[in-house]
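The structure appears below as structure tokens.
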2 protein chains.
Amino acid sequence: MNETQGGDRRRRKGLDNPTLDDVAREAGVSSITVSRAIHRPDSVRETTRNKVEAAIAKVGYVPNMVAGSLASASSRFIPVIVPSLSNVVFVEVIQGLQAQFDQHGYQMLLGNTDYSMQREEELIRTFLGWSPTALVTTGLRHQPGLSALLERFPRPLVEIMELGPALDMNVGMDHEKAGAAMADHLIARGYRHIVFAGTRLESNYRAAQRYAGHRTRLEKAGLAAPLMEWHQDSHFDLGATALDEVRRHHPGVEAIHFVDDVMASGALLGAQRQGLRVPDDIAIAGFTGLPFGRSLMPRLTTISSPREAIGRLAASQIIDRLEGRDPERQIDVGFALLEGEST
Amino acid sequence: MNETQGGDRRRRKGLDNPTLDDVAREAGVSSITVSRAIHRPDSVRETTRNKVEAAIAKVGYVPNMVAGSLASASSRFIPVIVPSLSNVVFVEVIQGLQAQFDQHGYQMLLGNTDYSMQREEELIRTFLGWSPTALVTTGLRHQPGLSALLERFPRPLVEIMELGPALDMNVGMDHEKAGAAMADHLIARGYRHIVFAGTRLESNYRAAQRYAGHRTRLEKAGLAAPLMEWHQDSHFDLGATALDEVRRHHPGVEAIHFVDDVMASGALLGAQRQGLRVPDDIAIAGFTGLPFGRSLMPRLTTISSPREAIGRLAASQIIDRLEGRDPERQIDVGFALLEGEST
DNA sequence: GTGAAAGCGCTAACAT
DNA sequence: ATGTTAGCGCTTTCAC
């Protein structure tokens, strides 16, 4: 009907939302003034700001973030690469990150590698196409090509979970020390025939680091350090299965050091179903520090790390850097051995 | 040194990556041909495609997704709004979504409302600025302004978790029926003094729907349906606390119908620590169907729903629609009552 | 404090 | 099968 209104200039598909120009026309200013009123309100006169705000409300303006990102060559996206979401540890890390990012107006882009370094590289290459503001990825080991790419990434980069020579910033804990700490505990409790039970150690190499620490201490004590490994994801029910298989292959086993609390708890409950006494017949230790392991009877001996803090601290490093401050480059969040009655 | 190389045309900041034009120059074709070779390889001659691929590799081209999205007025982003990541249910839904989206080249944008409808509206308004391809949000209830906005969203929209009159597509289960089913079970087992124990029911209204179903059945059976509510997130340790408080306020309580397995399991283990016999002294029921509840002794009676399937199906609805097929508009994933020995 | 002009890197539309 | 042209909606730069 009214050809002047709306116009027929926009020929493309899409959401066809009002633009900065529509707001500008409505407010009787130029589009750049609208942009300023939105992003740096102090840089425009109050009367102008009010006109603009009224116009925004009237036309129902929603900023087009895509156009903004293209023009400024920077989005407010921060990709976060984790190996798994089946493991609560990473979910808690993500929550820590998200809480901070939300507060500062950054949007997380979640990538799940399923413990594949090749997938990590693919994901990061794709994410780089979104002009990310910063990057968070898990671990210090990457495909060679990816390391080279990341070295040239001119924005904040945090490698999380483990500690070591990082490309930029780093927050995590020492997994080898954690494995050693648990081994020391088991030795001190008098166990001599100790088996380490893990899953997918070739890809979940932080678990392998814990085993390495464990093994070092056992061997120093003159003990063998047998390992049993399952080639599937750690899972609650796998714990009970693993218990059976460990006892079958190692008839004299006195203690099992599990790769995480999920399997350890499954094993503990499985042992009880079979009428085994924990720790007298079999001692069980975990890793992670999950609440339900600590509520079992006997309570599960485990190692806990501040997971949500890893996320929070990684986000703070990034935000500090982006806001011109000079954050710590490496943060050791530490860990704590929680003694229960399961060992 | 060499001023011709690199050039000084790009004056802006940013990642300064090679562009389509750089690839085109290298390959001796036009930029649109490069674009075609990337997106519709069949539309260019094989020799051309090979030249382009070589050029891409040589210059290390990474497509600028931001520019592509602006030009096409559509990103490959699909926002997914959930109320919480502390609840495994939503994590599993997200995994189901992500697996499908990954396969089809869509990128999830995760938003966490913390059970706030106002936050939901803010998040979605922001996400709309990213020209999303589709949208997934939790629940059928939204702020009025948001519902109006979503009704006009011209792309696939799925409301997940519960069933009812949806704005576009819908996948979930009937929570009222689930609550009723558990109530029926408890009544059939002979319990008469049954308490429903929940958290934050005003915002977690699907839990409130389960209580409503529960209450209907109890009242039909001539029983009272007392409710106890805690105003914090459901948490493992809260289960044991809740058990104590329910028993204090309802001395004759025979069974507790918990809002979820996390609290129910915490209560079950708490009961055992106190030397209470489950279910003789107190029967305990949950909701969710988590593996560890099913491994306790006695096994937790609960209701399980296919959570990962909700994610997978929601993603399929979207992808079907985007690819021109005509998916089911409403999918009931159903639920199953899993009887354990805890009731 | 405000504006005009010039792109950001890509894809849609219309050639050829 | 390939190229030319004209934007997408915003921010940067440089003027006033």
Side-chain angles (χ1 to χ4, degrees), chain A residues 7-25 27-52 55-56 59-76 128-131 133, chain B residues 7-25 27-52 55-56 59-76 128-131 133:
Chain A
D8 44 317
R9 298 256 303 293
R10 262 196 292 280
R11 285 134 33 203
R12 316 293 260 277
K13 302 159 200 170
L15 271 19
D16 214 47
N17 286 322
T19 71
L20 220 42
D21 276 322
D22 297 329
V23 178
R25 207 172 303 121
V29 297
S30 73
S31 61
I32 185 63
T33 300
V34 178
S35 174
R36 288 186 182 120
I38 292 170
H39 298 292
R40 300 175 59 252
D42 294 337
S43 70
V44 300
R45 207 181 303 149
E46 187 174 345
T47 53
T48 312
R49 189 163 62 244
N50 294 147
K51 277 190 296 182
V52 169
I56 286 173
V59 306
Y61 175 67
V62 176
N64 184 324
M65 311 295 274
V66 179
S69 299
L70 179 62
S72 64
S74 164
S75 69
R76 294 185 74 83
L128 287 177
W130 285 107
S131 304
T133 293
Chain B
D8 44 317
R9 298 253 303 293
R10 264 195 290 283
R11 287 139 27 210
R12 317 292 260 277
K13 303 159 197 169
L15 271 17
D16 213 44
N17 286 324
T19 72
L20 220 42
D21 276 322
D22 296 328
V23 178
R25 205 171 306 120
V29 296
S30 74
S31 61
I32 187 68
T33 300
V34 178
S35 175
R36 289 187 183 121
I38 292 170
H39 298 292
R40 301 174 58 251
D42 295 338
S43 71
V44 299
R45 205 182 306 149
E46 188 175 343
T47 54
T48 312
R49 187 162 63 245
N50 294 146
K51 276 191 296 183
V52 168
I56 286 174
V59 306
Y61 175 67
V62 176
N64 184 324
M65 312 294 275
V66 179
S69 299
L70 179 61
S72 65
S74 165
S75 69
R76 293 187 74 84
L128 287 178
W130 286 106
S131 305
T133 292

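Chain identifiers are assigned alphabetically (A, B, ...) following the order of the sequence lines, protein sequences preceding nucleic acid strands; residue numbering begins at 1 within each chain. It should be emphasised that the depicted structure is a prediction, and the values quoted were computed from it without experimental measurement.
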Would you be so kind as to tabulate the donor-acceptor pairs closer than 3.5 Å made by side chains of residues 40-48 of chain B, with sequence neighbours excluded?
from   : atom 1 : to     : atom 2 : distance (Å)
S43(B) : OG     : R40(B) : O      : 2.7

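Put simply, CE on M65(A) is 13 Å from C1' on dT11(D), counting in whole angstrom units. Rounded to an integer number of Å, the gap from W130(B) CH2 to dC10(D) P is 12 Å. Rounded to whole angstrom, the span from the CZ atom of R36(B) across to the P atom of dG3(D) amounts to 9 Å. Between the CG atom of D21(B) and the P atom of dT5(D) there is a distance of 14 Å, rounded to whole Å. Straight-line distance from the CG atom of L70(A) to the P atom of dC8(D): 13 Å, rounded to whole Å. Computed from coordinates, the I32(A) CD1 to dG3(C) P distance equals 10 Å when rounded to whole Å. At whole-Å resolution of the value, CG in N64(B) and P in dC10(C) are 5 Å apart. Rounded to an integer number of Å, the gap from I38(A) CD1 to dG9(D) C1' is 12 Å.
Counting any heavy atom pair closer than 4.0 Å across all strands shown, T48(B) reaches sugar-phosphate atoms only and no base atom. Across all strands shown, V66(B) has no heavy atoms under 4.0 Å from either base or sugar-phosphate atoms.
Taking only side-chain nitrogens and oxygens, S30(A) never comes nearer than 4.0 Å to OP1 or OP2 of dT2(C). The phosphate of dT11(C) (OP1 or OP2) has a side-chain N or O of S35(B) nearer than 4.0 angstrom.
Taking the nucleotide of DNA chain D with the nearest heavy atom to each of A67(B) and T33(B), the more 5' of the two is matched to T33(B). The 5' end of DNA chain C is approached more closely, in terms of each residue's nearest nucleotide, by S43(A) than by the other of L20(B) and S43(A).
Shown here for P18(B) and V59(B), the closest heavy-atom pair between the two residues is CG-O, 3.3 Å.
Taking every side-chain heavy atom of A71(B) into account, dT11(C) is the closest of dG3(D), dT11(C), dA4(C). Listed nucleotides dG9(D), dT2(C), dT11(D) differ in distance to R45(A); the shortest reach to its side chain belongs to dT2(C).
The distance from atom CG of L70(A) to atom CE of M65(B), rounded to the nearest 0.5 Å, is 13.5 Å.
The base of dG1(C) lies outside donor-acceptor range of the side chain of R49(A), with no N or O pair under 3.5 Å. Looking at R40(A), its side chain has no donor and acceptor atom pair within 3.5 Å of the base of dG1(C).
Side chain of S75(A) to backbone of W130(A): a donor-acceptor contact under 3.5 angstrom is found.
Looking at N17(A), I38(A), D22(A), V52(A) one by one, the single match for side-chain contact (heavy atoms from CB on, under 4.5 Å) with Y61(A) turns out to be I38(A).
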